[in-house]
Asker: 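Have a look at this one.
Residues: numbered from 1 along the sequence shown. Quick caveat: nothing in here was measured; it's all calculated off a predicted structure. No hydrogens, no waters, no symmetry mates; every other heavy atom, side chains included, goes into these values.
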Amino acid sequence: MEAALECSALLAKIRGKVDAGTLPLHLLPEKFTLTQLQRTIEAILGRELDKSSFRRQLKSSSDLVELDEYERGAQRPARLFRASDGFLF
């Protein structure tokens, strides 16, 4: 029972930080796509985010570094990103 309460408290703390705009980059691989980041945030918050609004908000983020690399898939290639040097959650 106590472990469940601790997990709930930790989840609430993470949700609060993400809701306040802190990106959970520590939960992603070293290189990731914006879709992976969005899905991670949606899983933490428990709700879907509007794709265009989400990406517009990220444009001004100094926490992300755009790489000159792409992930190939069934759709068009997705640009890869990484956390900026010194990023802290």
Asker: Hydrophobic clusters here meaning ILVMFWY residues chained together by side-chain heavy-atom distances under 4.5 Å, can you tell me if L45 and L11 are in one?
Answerer: no
Asker: Quick check: do F54 and L37 have side-chain heavy atoms less than 4.5 Å from each other?
Answerer: yes
Asker: Suppose the criterion is side chain to side chain donor-acceptor pair (under 3.5 Å): which pairs have a residue in residues 56-65, not counting sequence neighbours?
Answerer: S53-R56
Asker: With sequence neighbours excluded, what pairs up with K51 under the side-chain hydrogen bond (donor to acceptor under 3.5 Å, both in side chains) test?
Answerer: none
Asker: Would you say the side chain of L58 lies within less than 4.5 Å of the side chain of F81, judging by non-hydrogen atoms?
Answerer: no
Asker: Considering all heavy atoms of both residues, which atom of Q36 and which atom of K31 are nearest to each other, and what is their separation?
Answerer: OE1-O, 4.4 Å
Asker: May I ask you to test the P24-I14 pair for a side-chain heavy-atom distance under 4.5 Å?
Answerer: no
Asker: Going by side-chain hydrogen bond (donor to acceptor under 3.5 Å, both in side chains), name the residues that satisfy it together with D19, two or more places apart in sequence or in a different chain.
Answerer: R47
Asker: With sequence neighbours left out, write down each residue that passes side-chain hydrogen bond (donor to acceptor under 3.5 Å, both in side chains) with S52, or none if nothing qualifies.
Answerer: D50
Asker: Rounded to the nearest 0.5 Å, what separates atom OG in S8 from atom NZ in K13?
Answerer: 14.5 Å
Asker: Kindly state each residue pair satisfying side chain to side chain donor-acceptor pair (under 3.5 Å) with at least one member in residues 73-89, sequence neighbours excluded.
Answerer: E66-R79, Y70-R79, R82-D85
Asker: Residues two or more places apart in sequence or in another chain: which of them pass side-chain hydrogen bond (donor to acceptor under 3.5 Å, both in side chains) with E71?
Answerer: none
Asker: If I compare all heavy atoms of T35 with all of R55, which pair ends up nearest, and what's the gap?
Answerer: OG1-NH2, 3.1 Å
Asker: What is the distance from atom CG of L64 to atom CZ of F32, rounded to the nearest 0.5 Å?
Answerer: 5.0 Å
Asker: Pair E42, R39 - check side chain to side chain contact (heavy atoms under 4.5 Å, CB included), show working.
Answerer: CA-CA 5 Å; E42 289 173 341; R39 287 184 179 150; 4.2 Å; yes
Asker: Before you tell me yes or no, could you show the steps for L27 and I44 under side chain to side chain contact (heavy atoms under 4.5 Å, CB included), namely the whole-Å CA-CA distance, both residues' side-chain angles and the distance that decides it to 0.1 Å?
Answerer: CA-CA 11 Å; L27 300 175; I44 291 168; 3.7 Å; yes
Asker: Evaluate the side-chain proximity of L23 to T40: yes if any heavy-atom separation is below 4.5 Å, no if none is.
Answerer: no
